[in-house]
Asker: 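Supplied in structure tokens, the structure appears directly below.
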Amino acid sequence: MHSITKTSLAALVAAGVATTATADGHALSGTLRISSDMSNPAPRAVMEKMAADFDALHPDLTVELTIVDREAWKTQIRNALSANPPDVVNWYAATRMTPYVDAGLFMDISDLWEEPEMAALASTKGAMTLDGKQWGVPYTYYQWGVYYRKDIFDELGLSEPATWDEEKANCQAIIDSGRKCYTIGSKFLWTAGGWFDYINSRTNGYDFHIELATGQVPWTDDRVRATFANWRELIDMGAFIDDHQSYSWQEAMPFMIDGEATAYLMGNFSVAAFRDGGLTDDQLDFYQFPVINPDVDYAEDAPTDTFHIASGAQNVDAAKAFLLYVTSPEVQTEINGGDALGQLPVNANASIADDKFIQQGFDMLSNNAGGGIMQFFDRDFDAEMASVGMEGLQEFMVFPDNLDDILDRLEETRQRIYN
Amino acid sequence: MATASTNAPPQRGWYKRNEIAITPWLFLTPAVLFFSVYVIIPIGQSFWISFHEWDGLGEKIFIGTDNYERLLGLGDQRMDRKFETSFWNNIRWLVLYLLAIPMGLFIALLLNQTVRGIRLYKSLFFFPFVISQVVVGLVFSWFYLPNDGLFDVMTGWFGIDIRGGVLGNPNTATYGIIAAGLWPQTAYCMILYLTGLNAVDPEQVEAGRLDGARGWKMLWYVIIPQLKPATFIAFVVTIIGALRSFDFIAVMTNGGPFGSTRVLSFYMFEESLSEFGFRMGYGAAIAVVLFFIMLGFIVYFLYSMWRDEQAAR
């Protein structure tokens, strides 16, 4: 009883802080220490501005911001959380949270999610939930889909495909014109994971995909084979560029910019790189991955980046107030704007940047993703399963005949990890 | 003087009395201390961790020799395929990397003459060893690029097309990386032989010449025996270099394509410290296996050095 009253009291205080803080800001004091992985130039500016603004809102509070290289943070977070942890850290949603939740390093913030303001974040609540509790808040996400050369489609008289048959017919026309349908750089493996996510969820549905991700279905299942059979149709057509295992995702971009390939299954972050590469918005367009099995609903990859409170946080009140601040409609509109992160806001009351890709993505995820939102292969699957799995996917794309051997290997790994 | 010493007061300090026995240990203490803390104790810890399942954060779970059974395929399991691939790649590295020794000797013999500007040529040949391994790896990965890379263009003249490029084809990737590694390693061996050649006794060469030795015979029976110390050092550094081949693999292929270029050190890193890793127990088990492989070489090196010292007495 005591602990319940205490936590609800804390929640009340946090709520009071969040609502009154903007008015007079007297409640928060001390130091709020944030460790962020937003190290690329644009995200870095966003994070620094957010920290400075929050600091300015609360005169008695000092915000200390540490920005760590995004790749390095993936392994450093463990040390950061274990000894003298900061109050707030960046991480990723879904299964990727598991090691820290299991080790008790993330704070359970289910009480924060009870706040009325958080209702506007309902669509992302599932991705933040493990063991029935919420462990963080999202601050941005982005859609995946097929980015394609509209000018080449127009030249060949093609339109955006809605079904798998149209997709293959389009692809055949593109190949006949001496181009490749898709560019991909699979050197770092994860790009192949995107293809698997889409073909598998379009063939077998979101629920099956998540069952596979959580180890409930064997890899040797016939439904998994059906996914690979569909994928193989494209591979056998010669749809993908040659030698993709030698390129990173950036190194594969020139094929599309030079018009040797016409489309790229990618996240929205690639748009900036396409524009830098010289493609105009007239040349570049976007379509949702087509339907394969008409009986299953669209499921979309939309990886979510998050903020968490360390369980060893010193200034929990300020940390909670910061999470509410980050997810508020005004801040969400600002940080996800076209001149900032250029991605999708997590708060339903925030407004969307004036950019055709962001708007199409928002429309797609709000109205046309009834199956569910996937976090991406390497975030939905267990870490070891993901690394063995993506290696197998890359091998499949180069040597499709090895499929039986690959699936046996993945199944062996699944049995070891999940049993 | 003699009387003075016998009449010396008997109350010398404990240290003074044991000075001869203790001083060497005092001098050794810092080295022993640091060597224990940074080398010996961590080796013991690695052995200990390898008997556990541990993600680096939570509780260690003792699982006995399970990690080794999985790694080596004891009992009714298959040997871990990644381990098998890594092990054979390590063997390839060890064998092919030794090519650096004859290549280094060849270049050293070529450069061991007095012509104008020889110092410049020597430093140019030594250059690859000075630049970072990461840079060498990066340059070679561009060299090997499919379609645009110079190597692919050159093989194209002979009508050879390596599917996926050298580094994208699982049959050629490891050899491609070893070739990149040989470039700086050859330069290293060359320098060792150049210094060795300075110490070659001209009188023996003269005597050999009088007895009619020339060409290969001169090299094989007169020069190379005198280069034995240099060869030994070149062998040691090359073996160690081959077992440390981590940087090239990380830069050039990241273990790919589909894990075909992994070696034990890279696999160990992947299992224990990479983004999808943190299986500390399993990583430690790989480390232990690698340790025993290295131990075999180390024992051999120490034994040869000990034998040479015995012979010198």
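Residue numbers start from 1 in every chain, and the chains themselves are labelled A, B, ... in the order their sequence lines are given, proteins ahead of strands.
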Asker: With a 4.5 angstrom heavy-atom cut-off, is it the side chain or the backbone of A/Met390 that approaches chain B, or both, or neither?
Answerer: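 Contact with chain B is through the side chain of A/Met390 alone.
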
Asker: Which atoms of B/Ser260 are under 4.5 Å from chain A, going by heavy atoms: the side chain, the backbone, both sets, or neither?
Answerer: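 Neither part, no heavy atoms under 4.5 Å.
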
Asker: Applying a criterion of heavy atom separation less than 4.5 Å, what residues of residues 42-56 of chain B form contacts with chain A?
Answerer: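 If one takes a 4.5 Å heavy-atom cut-off, the residues of residues 42-56 of chain B near chain A are B/Asp55, B/Gly56.
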
Asker: To the closest 0.5 Å, what do you measure between CG (B/Leu167) and CG (A/Asp243)?
Answerer: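 Answer for the CG-CG pair, B/Leu167 versus A/Asp243, is 11.0 Å.
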
Asker: Taking 4.0 angstrom as the limit, do B/Lys82 and A/Glu391 come out as a salt bridge?
Answerer: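 Salt bridge: no.
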
Asker: Check whether A/Asp102 gets within reach of chain B through its side chain, its backbone, both or neither, counting any heavy atom under 4.5 Å.
Answerer: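 It is neither, since no heavy atom gets under 4.5 Å.
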
Asker: Taking 4.0 angstrom as the limit, do B/Arg78 and A/Asp408 come out as a salt bridge?
Answerer: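 No, no charged N to carboxylate O under 4.0 Å.
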
Asker: Applying side-chain hydrogen bond (donor to acceptor under 3.5 Å, both in side chains), name anything that partners A/Gln245, two or more places apart in sequence or on another chain.
Answerer: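 If we apply the side-chain hydrogen bond (donor to acceptor under 3.5 Å, both in side chains) test to A/Gln245, skipping adjacent residues, there are no hits.
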
Asker: Quick check on A/Ser82 against chain B: is it the side chain, the backbone, both or neither that has a heavy atom closer than 4.5 Å?
Answerer: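 Only the side chain of A/Ser82 comes within 4.5 Å of chain B.
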
Asker: Please look at A/Ala383 and chain B and tell me whether the side chain, the backbone, both or neither of the residue comes under 4.5 angstrom of a heavy atom of that chain.
Answerer: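 Both backbone and side chain of A/Ala383 come within 4.5 Å of chain B.
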
Asker: Tell me, side chain or backbone of B/Thr253 under 4.5 Å from chain A's heavy atoms, or both, or neither?
Answerer: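 Just the backbone, heavy atoms under 4.5 Å.
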
Asker: Would you indicate whether B/Phe35, at its atom CZ, is surrounded by more than 12 heavy atoms from other residues, nucleotides or ligands within a distance under 6.0 Å?
Answerer: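 No, not enclosed.
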
Asker: Can you tell if the side chain of A/Tyr247 reaches within under 4.5 Å of the side chain of B/Pro146, non-hydrogen atoms only?
Answerer: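 Yes, close enough: below the 4.5 Å cut-off.
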
Asker: I'd like to know which of B/Ala173, B/Gly165, B/Ser141, B/Gly259 tops the heavy-atom pair count under 4.5 Å against chain A.
Answerer: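 Greatest number of close heavy-atom pairs with chain A: B/Gly259.
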
Asker: Could you tell me which of A/Lys187, A/Arg78, A/His244, A/Glu412 has the largest number of non-hydrogen atom pairs under 4.5 Å with chain B?
Answerer: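 Highest number of pairs under 4.5 Å: A/Arg78.
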
Asker: Report the distance from atom CD of A/Glu384 to atom CD of B/Glu271, rounding to the nearest 0.5 Å.
Answerer: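 So the CD of A/Glu384 and the CD of B/Glu271 are separated by 5.5 Å.
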
Asker: Drop me the distance from A/Ser248's OG to B/Asn254's CG, to the nearest 0.5 angstrom.
Answerer: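 That separation rounds to 11.0 Å.
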
Asker: Determine whether a donor-acceptor pair (N or O, by modelled atom type, separation under 3.5 Å) exists between the side chain of A/Glu395 and the backbone of B/Phe258.
Answerer: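 Looks like no, no N/O pair under 3.5 Å.
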
Asker: Taking 4.5 Å as the heavy-atom cut-off, does anything in residues 276-287 of chain B contact chain A, and if so which residues?
Answerer: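 Under the 4.5 Å heavy-atom cut-off, B/Phe276, B/Phe278, B/Arg279 qualify.
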
Asker: Taking B/Glu275 first and then A/Arg96, would you say they form a salt bridge - that is, a charged N and a carboxylate O separated by under 4.0 Å?
Answerer: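 Salt bridge: yes.
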
Asker: Relative to chain A, which segment of B/Leu273 carries a heavy atom at a distance below 4.5 Å: side chain, backbone, both, or neither?
Answerer: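 Backbone only.
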
Asker: Go through it in stages, so that I can follow the logic: the residues are A/Asp405 and B/Arg81, the test is salt bridge (Lys or Arg N to Asp or Glu O under 4.0 Å), and I'd like the CA-CA distance, side-chain angles, deciding distance and then a yes or no.
Answerer: CA-CA 12 Å; A/Asp405 185 44; B/Arg81 295 224 307 216; 3.0 Å; yes

Asker: Which of residues 250-259 of chain A get closer than 4.5 angstrom to chain B, counting heavy atoms alone?
Answerer: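 Residues of residues 250-259 of chain A touching chain B at under 4.5 Å: none.
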
Asker: Given heavy-atom pairs under 4.5 angstrom as the criterion, report whether the side chain, backbone, both or neither of A/Leu105 touches chain B.
Answerer: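 The side chain, not the backbone.
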
